[in-house]
Each structure stands twice: as structure tokens, then as C-alpha cells.
Amino acid sequence: MKLLLKGGRVIDPTQQIDEITDILIVDGRIAALGRELDKQAESGTAARVIDATSKIVVPGLVDIHVHLREPGFEYKETIASGSEAAAAGGFTSIACMPNSKPINDNRSVTEYILRKAALCGLVRVYPIAAVSKGSDGSVLAEYGDLWEAGAVAFSDDGKAVTNSALMLGAMEYAASYGLPVISHCEDTNLSAGTVINEGLASAETGLGGGPSIAEDIMVARDILIAEYTGQAVHIAHVSTAGSVRLIREAKSRGVRVTAETAPHYFTLTDDAVRGFDSNARVNPPLRSPGDVTAIKEGLRDGTIDAIATDHAPHGITDKEVEFEAAASGISGLETSLGLSLRLVDDGTLTLSQLIDCMTGKPSRILNLPGGTLKVGAAADLTVIDLNLPWTVDPANFRSKGRNTPFRGWDLRGKAIMTILGGEIKWAENS
Amino acid sequence: MALKRKDILDMKDLSVEEINLILDTADSFIEVSTREIKKVPTLRGKTIINLFVEASTRTRTSFEIAGKRLSADTINISGSSSSIIKGETLIDTARNLEAMNPDVIVLRHSAAGTPHMLARLVKPSVINAGDGAHEHPTQALLDLMTIKSKKGRIAGLKIAIVGDIAHSRVARSNIYGMTRMGAEVHVAGPATMLPRELAKMGVAVHQQLAPAIKDADIIMMLRIQLERQEKNLFPSLREYASYFGLNAKNIKLAREDVLVMHPGPTNRGVEISPEIADGPRSIILDQVTNGVAVRMALLYLLTGGPDETLT
């Protein structure tokens, strides 16, 4: 089984490659990169040739923060529909959060997710297991058993670990299996009863506004715990200028902290909630223009390592209700690349830096094998047409979650082919 | 003459021209309520549903009387008697009501933005009768009408709004309405009850009572709710009353002809002392009377008045 991608602009930040070249894939692995691969491609069984002229070829995109909702909330998303959405969005590896029902706090749920994902076979799915049993913030889950079953990190995402002693224990205990803890940073006393950011939008709408320091305070705490224990913590969905400042300072001192943000945090402000569109309800909430600027600066200077979607699909019944009763979250897998490419257009990142934020860097945070085109690596690749204009229409989403505040947005640039282990899993218009 | 809009959702969106049209129309309806037979046939055949998911006596009664004095058929649905408590969503309730072809749905709801959601999804006109801590536009309109009738103008007046601004839909709607009509609006309250970035709404913000009411033409006191104590917004009603309550002593800071308003229900002895609430400076009951006229005006303007083809 051979595949030859010809004439594309290949960008692989893990090898500092950004040039027009060909890629030969043999038996699901990257066999060679170079200009003179035709002979190699034709020897033995001839390779199928894909013309990538004027396209970008990158390592398969990696999203380390998605919610697949299965088991338990199959009406919102299934592992199959989420995998399809990921492939359509250009992703070949995704890590899913444990807040299913039952919660992924034990080996059988982890194994169930892996089995369903393998049956579907569209993307690599890496389960993140719960920090605490039932994610209720009291007792550590069985990390050894979960690690052996295939968990790649621990998080009580959606719920903050408010007990500092539990967080300290989690970081230390997870480290013995070489796994990081991912923290959803929220001081729940400060955010209680709030549904949007505290600012002019909350003053005008009367919707409960939560202070940005609800996030900052917990980021500061987790940095202190990581520093004290010498272990790794990854900060999920960074949304505030304060968090960026704290993480930047901690990194400069060598603290083992990494961070991600989501496209909505560098694209929208709390202005988006003024019409009471519950699709703009998300946690952490959309923040101020100053926060958006700081998030972009954090991406630019490397304080924020990765872009992750926090893909949070919901059913219509979860969203078509009173704003304050609506579920939080945005269905993000299929808009992530298009929105993130705007960072290249506005000069925040170079294309290579952006690709690094969506491939190599997130892979390293969770020690995943993907995110590279090195010879010998699994042939996970995404082909991108940077100039393809398209309009966000949730009706065309592969995800069951149609909840997006980006309906009707005109974007430029899209994944047009997703290759996993040398097999084409998704192609535009196929 | 009719309003060129389907719904009345908030003061934020109403222009000066629209506000003047509503107030002028309300003026002309005042007289109806003073007749011996308090009824005109203007809205005969129109159906108005008062959907009050959050409890209310004053506003619901005011809307019901307004509709009845215009000969509309008014139906009241309250939270406890509707299917909303049986687990039906607000949207389903609204679509079922819509299927019975009402002309206007008046909605009172404890969640901000619900009238906007309803207005997007159903055909009849929607009037916001108070949504969470967001807005209460008909209250602001009746307040503007009361001020205008007593003072002859709104522009140039110094108006103080005092109390829990953060949780007050009355304050929000009045801030929009009064500033738009040219008043100089001052707000005062404990720092914990003043929203961040409030000053960007075009008002002067004070953390003490005195500078807000000094030389004021109008003082509007807001109801303080005891449950805010649990959220550490203030320590006790006693302390609140002594620092933010309006009484015979501190009212002397205001102009001699100051008028005192309150959207009700009042906590006598807390935010307002009884001698002020019942005294000569109080126009609290005028507000209630004007409320009926303002709501008659809105129902009339939204439904386009009588259908001439049938008469």
C-alpha cells in the first residue's frame, strides 16, 4: 500500500520543514520526503499519486480537548459522529474528556471508548481519565489501572478541582505514570451563579457576570502546586489576560506548566452574548477585548502552547432554552482550523507557528506519537487549501452538535483531505 | 399611527421619537381611566396573553386592566397554573399559545433575555414585562411619563437612582430611557451592587447616597432584597437603611421640589422611611396610575389600533 503526495507545500515544525516537496507513504508510515521520489514510488506496487499542488500538507491536526459525550449523552454526540467531525475538521488525533455518563474514572469506560473509536477508525482517540472518582473532587481515581488501559492524562474538566490537597496529590501521583494533569481553572465561589464574563455586557444585559480572576486565582494555585511538586500541569482553555501573565511568568522560571486556548477565546468577546444567543454561552465565558489581545500575544510569544477546541456538542434541547438555563459549550471541531487561520491573516502567527500549535506542541503536552512527518512516523497527514472560501453552516456539520456562535461566518481555508495511517479517511466533496 | 416594530423588548432599542410617541399616546389614554364607564372599543377582537412565569401582582394587574379598558380579550397565565412547571419548555408553551392566534404575548420571566428568545421564535408581538435583572421597559416608560407630567420635562433634570443597581431591571431600563431623554442620571448604592463598567452606560456612579441626591429633581429608590445578604453584598438591612435609606433628614440635600419615586413593592423603613413614602414628595401612586395608561398605549400602538375594515 503506497501513497505519493506530490507538489504540496509541506510544513512540519518538528523538523523545521516549510518547502514544496513530495511525501511517500508506505504501509501506513512516512517512508520518505523529497523531490525525487517517483522511482521509489513506482518500484514494486506503484503508489497512488495525489496531486497536492498549491495545497499545504501538514502533520495530521491534533486536538487535545474534545468532548465526545459517549457513553451516556449519545443525543449530543457519539464517538462515531465526533470522529467524523474531527476528520472533517482536519484532525487525526483527539483526546476526549472524561465527563461522560458514567464518568471515565475506571478502566472499563476507558476501554469502551478505545474499542468504539477503533471500530470507527477515522481518528486516533486518546481518553483522558478523571482526576477524582466520579469527578466529585474527593478521592483519586485509580490512575495505574487507567494508565494501563490507555488513559493519556487526568482531568475533572468541566468541574474545577477546588480542593488544593487533591490537586497536589493528583499531580504527584499522575507523575509516577508519566502523565500530566489537565486543570479546568475556576474558583467556583467566585463564579457561582454567573453565566457570562463580568464587564459591560453583564452590566447591560443583567446576566450574571463572573470575574476573570475566578480563572486567574486557580491558574496561580496550580502553578504553585506544579512548582512545589516539580510535576507537570496543563492549563485547559485559557481565556484571560491574567492567566496568560501568570503562565508566562511561571514558564520563565522553569515551572512545568503548559497551556491551551480555544478558537472562540481569540475570535469573540462577550459582545457576542448581547442578543442572548445561548450558542455564545461557554465556560469559561467569552471575555473582554483586552483578554482577546492577551490571548493572541500569549500564542505569539509561546506562552500558550496549543490551540484546542474544547469541542462541546449539545442537543437543541440543551440550547433552545433561557440563556441562564442553557448548557455551556461550542461545537468546535469543524470550525477550528478556519478560525485559527485568521491568526495568520492578522499577523499574530506565521503559518508554521500556527501548525505547530495544532500538531507538534499539543502532541508533546500529552506525549502523543502524532504531530510529525518524520520518516518512520505513522502517516497521519492533513491537506489544507488555504484559499478555499466557505461559510459556516451548522446544518453541514458531521458533529451532532450544531451549537456554534459562528453560524454564517465567511472563512477562508479548510482541510480538504485527512489521511490516517496512510489511508484517506476524509476528503472534501467525497 | 403605529410603532414600526413588532415587539417591545427593551429601552435600549427605543429611539427618542418612539418614546415620545408612546408617552403622547399614553397621555391621551389617561382620561379613559377616569370615566364612569372605563372602557373603549379600540381593541375589540384582539387577544392578549399575559404570560407571567415569574410572580407579579402589580404589573400583571396593570396589563390586564389596560387590555380590558381597550376591550381586548385578556388571558392570564401564571407560573403556577401553566404547563411550565410540568416540564414543558418556555418555547413549547409559547408555540402552543401562538397556535391559538393571540395578537400580543406579555412575558414576565425570571431569566434575562427570554422575551428576546420568544420574539425570535413566535409571530405575535412580545412585550417584555420584566426579564430577570435585564430590563423592565414598561416600568421605565411609566416612570418617564410620571416625571414628564409632574415636571413638564425630562431633559436637564438631575435624577438619582439608589439601591441594588446590579440586580435591578428597573434601574437598567430607566438608565437607558432617562439618559436618552436628556436627563442627568446619578446612581448610588453599596459598591457590591454597582456593576463593573456601569459608568460606560452614561451615568455618574456614587458609592454614597449624598452626592447622588444632592440637588436632585427626582430620587428613585429601589427595593433591596434580603437574599442579597447571603451573597455577601451587604451585611444587614439595619446598616443598609442607615447608609442608603431615604429619610426626612437626608432628603433635605435634594432640591426643595424633589419628587420621590419607587417601582414597588417598598420595604418601608429600609430603603425608604414611611414619612417619605407617604409624604407630599412621593409620587409612587402616580406611577401606578400612569402604568395603566402606558400599557394601554403600547397595546394600542403594537396592534395598529382598531381594524377599520370591520367597522
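Lettering of chains follows the sequences in order, A, B, ..., and the numbering in each one begins at 1.
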Q: Sort out for me which of B:Arg120, B:Arg172, B:His167 touches chain A most, counting heavy-atom pairs under 4.5 Å.
A: B:Arg172
Q: For A:Glu320, is it the side chain, the backbone, both or neither that has a heavy atom under 4.5 Å from a heavy atom of chain B?
A: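 Looking at A:Glu320, backbone and side chain both touch chain B.
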Q: Name the member of B:Lys200, B:Glu135, B:Glu197 that forms the most heavy-atom pairs with chain A at distances under 4.5 Å.
A: B:Glu197
Q: Between A:His67 and A:Asn99, do the side chains contain an N or O donor and an N or O acceptor separated by less than 3.5 Å?
A: yes
Q: A:Lys159 vs A:Glu186, test: salt bridge (Lys or Arg N to Asp or Glu O under 4.0 Å). Steps then yes/no.
A: CA-CA 8 Å; A:Lys159 287 186 168 180; A:Glu186 178 181 354; over 6 Å; no
Q: Taking everything shown except A:Ile316 itself, do over 12 heavy atoms lie less than 6.0 Å from its CD1?
A: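 Count not over threshold, so no.
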Q: Working to the nearest 0.5 Å, report the span between NZ of B:Lys123 and CD of B:Glu98.
A: 5.0 Å
Q: What part of B:Ser168 gets within 4.5 angstrom of chain A, counting heavy atoms only: side chain, backbone, both, or neither?
A: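 B:Ser168 has no heavy atom closer than 4.5 Å to chain A.
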